[in-house]
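Computed from a predicted structure; not experimentally measured.
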Amino acid sequence: MKSKDFNKLFFSRTREFLDEYLASQCSRSPHTVKAYRDALTVFRRYVASKGLSLKSFGFEDCTRDFLLDFMEYLQQSGYEKSSCNQRLAAIKSYMWYVADGDITWQQNALMVSRVPFLKNPEKERETLSEECLKALFSAPGNSKRGIRDSTIMITLYDSAIRLSELLGLKVSDVNLQKDSPYLRIHGKGDKERIVSLSDNAVRHLKNYMRLYHGADSPDTEALFYSVIHGHAQAMSPGNAARIINKYADQIRDGHPDLPDKVHPHMFRRTRATNLYQSNIELELVSRILGHASTQTTRIYAKPSLEMLKEAMDKSNPELNAEEPLWPDDEDEFARICGLR
């Protein structure tokens, strides 16, 4: 096949887009690159399901109608609307990347960019109540494994870090000796930030470090680890999620307000919401969470009932502060009313 023909194929620049542009030039995280790769892979399989060869499907074949049919196919296949939109966003991003390198495809990229996203109603983002948090933190007990499990949950909540950031922590990232103890977090896009710790979190981490990183502990830099076949390695996200779900199931009967599904990110969301409801500035909450923009942080800006009541009270003037429209004199008031 001639080089010119190859360059017209839709998937001719996907490897360059994923491995060079996103990963190297844009410094996107491996998770982000994987999400884009998965989206384009799903699209590739759809193209094949329509009886089209990857060796003949070109940029000009990726039309508005073709993408609308693709979105319909995703919905019929059981994908959530948010997942459908993520797939479409990846295709749009890829097309703009191609068009930036070759003006020939600018019109195609513009056409693709105008394919509408699915309307996705905003869902109530569930958080954990104070009672549920206390029950979860105390459920593991004081055994060695219980101390590990409670430390995982307490650190997730106290620092408001992502699960991937927690499991990526090394022992050298933990500083508990300073007057202001902190964690050094390696976040999305390889961005580094410092997150301070409360006295309660420090106490639990010190106890955990004594048990799991003492003289007789496995030789590993991973702060939270699992030992498999005698080898210590960083704990997997699935294992951490199972730990949390185990204790959620234990306390569920006594806490009917516990969400049906408790996942690790719920600790981060709860902490962010509690910070906002404690009148912490949104910009500071954004810094703690490691967001590049406060616009992202606004999804956690959920006002409490007390905040709503206070706002309503402030907007209502005191009724007693107003002067009456009628005089105090009874005879004069009677005259105003047309009486004698």
Side-chain angles (χ1 to χ4, degrees), residues 1 3 5-64 66-102 105 108-118 120 162-168 186-191 233-234 236-241 263-265 290-292 296:
M1 183 176 290
S3 177
D5 294 332
F6 178 79
N7 290 334
K8 292 182 179 180
L9 297 181
F10 183 86
F11 297 99
S12 61
R13 300 188 66 184
T14 48
R15 179 180 293 277
E16 179 185 315
F17 171 69
L18 295 167
D19 297 340
E20 296 181 20
Y21 176 70
L22 290 179
S24 300
Q25 297 181 29
C26 297
S27 298
R28 295 289 188 262
S29 71
H31 297 287
T32 300
V33 175
K34 182 180 182 299
Y36 275 80
R37 193 185 306 278
D38 290 345
L40 290 170
T41 298
V42 171
F43 186 59
R44 178 194 73 79
R45 290 172 180 165
Y46 174 72
V47 171
S49 72
K50 303 297 286 185
L52 299 171
S53 171
L54 302 186
K55 297 177 181 179
S56 62
F57 186 75
F59 293 114
E60 70 278 2
D61 298 316
C62 185
T63 62
R64 172 187 171 87
F66 192 87
L67 285 177
L68 289 174
D69 290 341
F70 172 62
M71 295 293 280
E72 185 177 348
Y73 159 80
L74 290 177
Q75 293 181 82
Q76 292 174 352
S77 299
Y79 285 92
E80 295 286 341
K81 289 184 177 180
S82 57
S83 297
C84 296
N85 288 338
Q86 189 273 332
R87 268 48 172 179
L88 179 59
I91 295 172
K92 289 183 178 183
S93 180
Y94 172 61
M95 279 300 301
W96 277 121
Y97 166 75
V98 171
D100 285 343
D102 186 347
W105 307 117
N108 295 77
L110 183 61
M111 177 182 61
V112 167
S113 70
R114 290 176 176 170
V115 176
F117 289 109
L118 299 176
N120 193 18
R162 303 174 180 91
L163 179 62
S164 59
E165 294 171 342
L166 177 87
L167 301 182
H186 304 276
K188 286 186 175 181
D190 203 27
K191 295 177 182 176
Q233 57 189 39
S236 68
N239 194 16
H263 48 82
H265 194 77
H291 287 161
T296 309

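- Closest non-hydrogen pair, A99 versus A109, comes out as CB-CB, 3.7 Å.
- Side chain of Y36 to backbone of Y94: no donor-acceptor contact under 3.5 angstrom is found.
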Notebook entry, point to check: Does the side-chain contact (heavy atoms from CB on, under 4.5 Å) test come out yes or no for L40 and F17, once each step is laid out?
Noted result: CA-CA 11 Å; L40 290 170; F17 171 69; 4.1 Å; yes
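- Taking the side chain as every heavy atom from C-beta outward, L167 and P237 approach each other to under 4.5 Å.
- With values rounded to the nearest 0.5 angstrom, Y79 atom OH is found 10.5 Å from Q86 atom CD.
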Next item on the list: Please assess L68 against V115 for the test side-chain contact (heavy atoms from CB on, under 4.5 Å), listing each intermediate value before the final yes or no.
Entry: CA-CA 7 Å; L68 289 174; V115 176; 4.0 Å; yes
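- Between K8 and D61 there is no salt bridge, since no side-chain nitrogen of the basic residue lies less than 4.0 Å from a carboxylate oxygen of the acidic one.
- Residues L18 and L22 approach most closely at O-CB, 3.6 Å, considering heavy atoms.
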Checklist line | F57/R44 under side-chain contact (heavy atoms from CB on, under 4.5 Å): CA gap, chis, key distance, verdict | finding: CA-CA 10 Å; F57 186 75; R44 178 194 73 79; over 6 Å; no
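- Atom-to-atom distance recorded for R87:CZ and S82:OG is 9.5 Å, nearest 0.5 angstrom.
- In this structure, the separation between OG1 on T14 and CG on D19 is 9.0 Å, given to the nearest 0.5 Å.
- For the pair K50 and Y73, the NZ or CZ position fails the cation-pi test of under 6.0 Å to the six-membered ring centre and within 45 degrees of the ring normal.
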Next item on the list: Evaluate the criterion side-chain contact (heavy atoms from CB on, under 4.5 Å) for residue pair L163 and H265; output intermediate values, then yes/no.
Entry: CA-CA 7 Å; L163 179 62; H265 194 77; over 6 Å; no
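- Here the closest non-hydrogen pair linking N7 and F59 is O-CE1, 3.4 Å.
- Ring-plane geometry between F70 and F43 is classed as perpendicular, the angle between the planes exceeding 60 degrees on a 0 to 90 degree scale with a lower cut at 30.
- Closest of all the heavy-atom pairs between K81 and Q75 is CE-OE1, 4.4 Å.
- The two residues C62 and M111 make their nearest non-hydrogen contact at O-CE, 3.7 Å.
- Within the 4.5 Å cutoff, no side-chain heavy atoms of V98 are placed close to those of N108.
- Rounding to the nearest 0.5 Å places CG of D69 at 11.5 Å from CZ of R64.
- When all heavy atoms are compared, the tightest approach of F117 to L88 is CD2-CD2, 3.7 Å.
- Here E72 contributes atom CD and L67 contributes atom CG; the two are 13.0 Å apart, rounded to the nearest 0.5 Å.
- Two rings, from F66 and Y46, have their centers less than 6.0 Å apart.
- Expressed to the nearest 0.5 Å, how far CD of E16 lies from CD of Q25 amounts to 8.0 Å.
- Checking side-chain atoms of S113 against main-chain N and O of L110 turns up a donor-acceptor pair under 3.5 Å.
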